[in-house]
Novice: 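Here it is: the structure, laid out below.
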Amino acid sequence: MYDIIVIGAGPAGMTAAIYARRAARSVLVLEAVSYGGQILNTPDIENYPVEAHISGFDFSTKVYEQAKGLGAEFAFEKAVEIREEDGGYTVVTPKNAHRAKAVILATGSENRKLGLEDEDRLVGKGISYCATCDGNFYRNKVVAVVGGGNTALEDALYLADLARQVYLIHRRDSFRGEETNVARLKEKGNVEFVYNANVTKLISEKRLKAIEVTDKLDGSVRTIELNGLFIAVGRVPENQNFANLIELDEAGYVRAGEDCHTSAAGIFVAGDNRAKALRQLVTATADGAMAATEAVKYINSL
Ligand code: NAP
């Protein structure tokens, strides 16, 4: 029986593990893929205090080593179910059933898809959801980025230094992402902004060859020939496996306030899968600290 099982080894989950270990609680962190979460794909973090520039990979590795160094255990197993039983929780993975007094859900979110025909088939054949992972395949080629948040802007900035031409396609005429990133993109000589437009068709043979883009204002359709399409249209929370135990909002985020308490006693939430106003690295790590502190208080009250 662990004191706390943390589900998800992104910044929120690993920070929760650090705080729980510093409170001398036993902690198991379960992670389906690899530590780091979404931030792993960010080439350059510039808005987290202390380091002016650090890659998502370096940041994640440092936090992982810090949590391990404090004695947090990690298991690379996907949590598929939580059961409330015998006065605690059982977290079920394909390999094991782990027991804990309290659980912290730090499952983050997964890539939102455009929902176009052939989108899944073309992943790795011209479609990518991660510019830092796949950008290098598109050196001196033509690519498009779709989206208007910081991910899309940062992807476009990264790709502008590699690709010959970058189209940045956004469904509105103003961006959700930071103005600093927009200004930097405007200084690049090889970025064309395509506003008020949706990607409406993927044209391919074995690989993606072109996309059709429909102007939302006049309905005109433009074909853009390209080698790669980077889709950065946000994320969807990964909470559905736990919806039997905790209350979610209409968008699938866990309903919880700043204290990170869910509707189930002993289950806490931290990071991007929580319903909140600002999803940033700094708010994810803050949630991790809060969720672990509240989980420790809960265990002390048992
Ligand atoms: P986001 O901020 O939710 O932006 C998603 C973008 O995709 C929006 O511009 C949205 O358009 C567009 N979109 C959504 N669905 C679409 C669809 N079906 N078709 C076309 N466009 C669609 O997502 P994100 O950029 O991944 O960022 C997630 C969070 O992480 C944000 O809080 C962001 O600031 C943060 N982040 C931070 C950093 C950093 O701090 N360095 C880096 C990356 C991300 P509308 O604007 O019209 O809704």
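Remember, it's 1-based here, ligands and their atoms both numbered in the order they're listed. By convention here, the first residue in the shown sequence is residue 1.
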Novice: So which protein heavy atom does atom 41 (N) of ligand 1 come closest to, and at what separation?
Specialist: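 Nearest neighbour among protein heavy atoms for atom 41 (N) of ligand 1, to 0.1 Å: Glu154 OE2, 3.0 Å.
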Novice: For this output row, return yes or no: ring centroids of His170 and Phe193 closer than 6.0 angstrom.
Specialist: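 No: the rings miss the under 6.0 Å criterion.
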Novice: When you measure from atom 10 (C) of ligand 1 to every protein heavy atom, which one gives the shortest distance, and what is it?
Specialist: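 Result for atom 10 (C) of ligand 1: Arg171 NH2, 3.8 Å.
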Novice: How close does the nearest protein non-hydrogen atom get to atom 23 (O) of ligand 1, and which residue and atom is it?
Specialist: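 Ranking protein heavy atoms by distance from atom 23 (O) of ligand 1, first comes Gly234 CA, 3.4 Å.
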Novice: Can you tell me which residue and heavy atom of the protein come closest to atom 1 (P) of ligand 1, and the distance to 0.1 Å?
Specialist: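 Here the nearest protein heavy atom works out to Arg176 CD, 3.9 Å.
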Novice: Taking atom types as modelled, find out whether Tyr35 and Thr61 have a side-chain donor-acceptor pair closer than 3.5 angstrom.
Specialist: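 Per modelled atom types, Tyr35 and Thr61 side chains form a pair under 3.5 Å.
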Novice: Among side-chain atoms of Ser26 and Arg21, is any donor-acceptor pair under 3.5 angstrom?
Specialist: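 Not at all, the side chains of Ser26 and Arg21 share no donor-acceptor pair under 3.5 Å.
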Novice: With atoms numbered from 1 as shown, which atoms in ligand 1 lie under 4.0 angstrom from a non-hydrogen atom of Arg172?
Specialist: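 Answer for ligand 1: 45 (P), 46 (O), 47 (O).
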Novice: So for ligand 1, is Arg235 a polar contact partner (N or O within less than 3.5 Å, distance only)?
Specialist: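 In this structure, Arg235 places no N or O atom under 3.5 Å from an N or O of ligand 1.
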Novice: Do you see a donor-acceptor pair shorter than 3.5 Å between the side chains of Asp218 and Ser220?
Specialist: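 Side chains of Asp218 and Ser220: pair found under 3.5 Å.
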Novice: Does an N or O anywhere in Lys113 fall below 3.5 Å from an N or O of ligand 1?
Specialist: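 Looking only at distances, the answer is no, because the N/O contact criterion of under 3.5 Å is not met.
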Novice: May I ask you to identify the nearest protein heavy atom to atom 35 (C) of ligand 1, giving residue, atom name and distance to one decimal place in Å?
Specialist: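 The closest one turns out to be Gln280 NE2, 3.4 Å.
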Novice: Between Thr90 and Glu85, is any side-chain donor less than 3.5 angstrom from a side-chain acceptor?
Specialist: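 Indeed, the side chains of Thr90 and Glu85 share at least one donor-acceptor pair under 3.5 Å.
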Novice: What residue and heavy atom of the protein are closest to atom 44 (C) of ligand 1, and at what distance?
Specialist: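 Scanning the protein heavy atoms, the shortest distance from atom 44 (C) of ligand 1 goes to Thr151 OG1, 3.3 Å.
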Novice: Tell me whether the count of non-hydrogen atoms from other residues, nucleotides or ligands lying under 6.0 Å of NZ in Lys141 goes above 12.
Specialist: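 No, NZ of Lys141 has 12 or fewer neighbouring heavy atoms, counting only those of other groups under 6.0 Å.
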Novice: When rounded to the nearest 0.5 angstrom, what is the spacing between CD in Gln280 and CG in Asn47?
Specialist: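 Going from the CD atom of Gln280 to the CG atom of Asn47 covers 5.5 Å.
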Novice: Could an N or O of ligand 1 be found under 3.5 Å from any N or O of Gly147, whether backbone or side chain?
Specialist: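 The answer is no, given that Gly147 and ligand 1 share no N or O pair closer than 3.5 Å.
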Novice: So, the side chain of Arg222 versus the backbone of Val213: is there a donor-acceptor pair under 3.5 Å, distance only?
Specialist: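 Checking the backbone N and O of Val213 against the side chain of Arg222, no donor-acceptor pair under 3.5 Å is found.
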Novice: Does at least one non-hydrogen atom of Ile45 fall below 4.0 angstrom from an atom of ligand 1?
Specialist: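 In this structure, Ile45 fails to qualify as a contact of ligand 1 - no heavy atom is under 4.0 Å.
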Novice: Got a second to check how far Met14's CE is from Lys68's NZ, nearest 0.5 Å?
Specialist: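 The CE atom of Met14 sits 11.5 Å away from the NZ atom of Lys68.
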Novice: Checking a contact table here: which protein heavy atom is nearest atom 28 (C) of ligand 1, and how many Å away?
Specialist: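 Answer for atom 28 (C) of ligand 1: Gln38 NE2, 4.3 Å.
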Novice: So is Leu281 touching ligand 1 or not, going by heavy atoms under 4.0 Å?
Specialist: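 Not so, Leu281 does not reach ligand 1.
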Novice: Compute the minimum heavy-atom distance from His170 to ligand 1 and say whether it is under 4.0 Å.
Specialist: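 Under 4.0 Å: yes for His170.
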Novice: Give me the residue, atom name and distance of the protein heavy atom closest to atom 30 (O) of ligand 1.
Specialist: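 Going by distance alone, atom 30 (O) of ligand 1 is nearest to Arg279 O, 3.6 Å.
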Novice: Please report the C-alpha distance between Ile127 and Ile231 in whole Å, then the side-chain angles of each, then the deciding distance to 0.1 Å, and finally whether the side chain to side chain contact (heavy atoms under 4.5 Å, CB included) criterion is met.
Specialist: CA-CA 7 Å; Ile127 286 191; Ile231 298 172; 3.9 Å; yes
Novice: Mind checking whether Asn47 contacts ligand 1 via backbone (N, CA, C, O), side chain (CB onward), both or neither, at a 4.0 Å heavy-atom cut-off?
Specialist: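 It is the side chain that touches ligand 1; the backbone stays farther off.
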Novice: If you measure every N/O of Thr42 against every N/O of ligand 1, is any gap under 3.5 Å?
Specialist: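 So ligand 1 has no N or O lying under 3.5 Å from an N or O of Thr42.
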Novice: Does the N or O separation between Asp44 and ligand 1 drop below 3.5 Å for any pair?
Specialist: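 Between Asp44 and ligand 1, no N or O pair is found under 3.5 Å apart.
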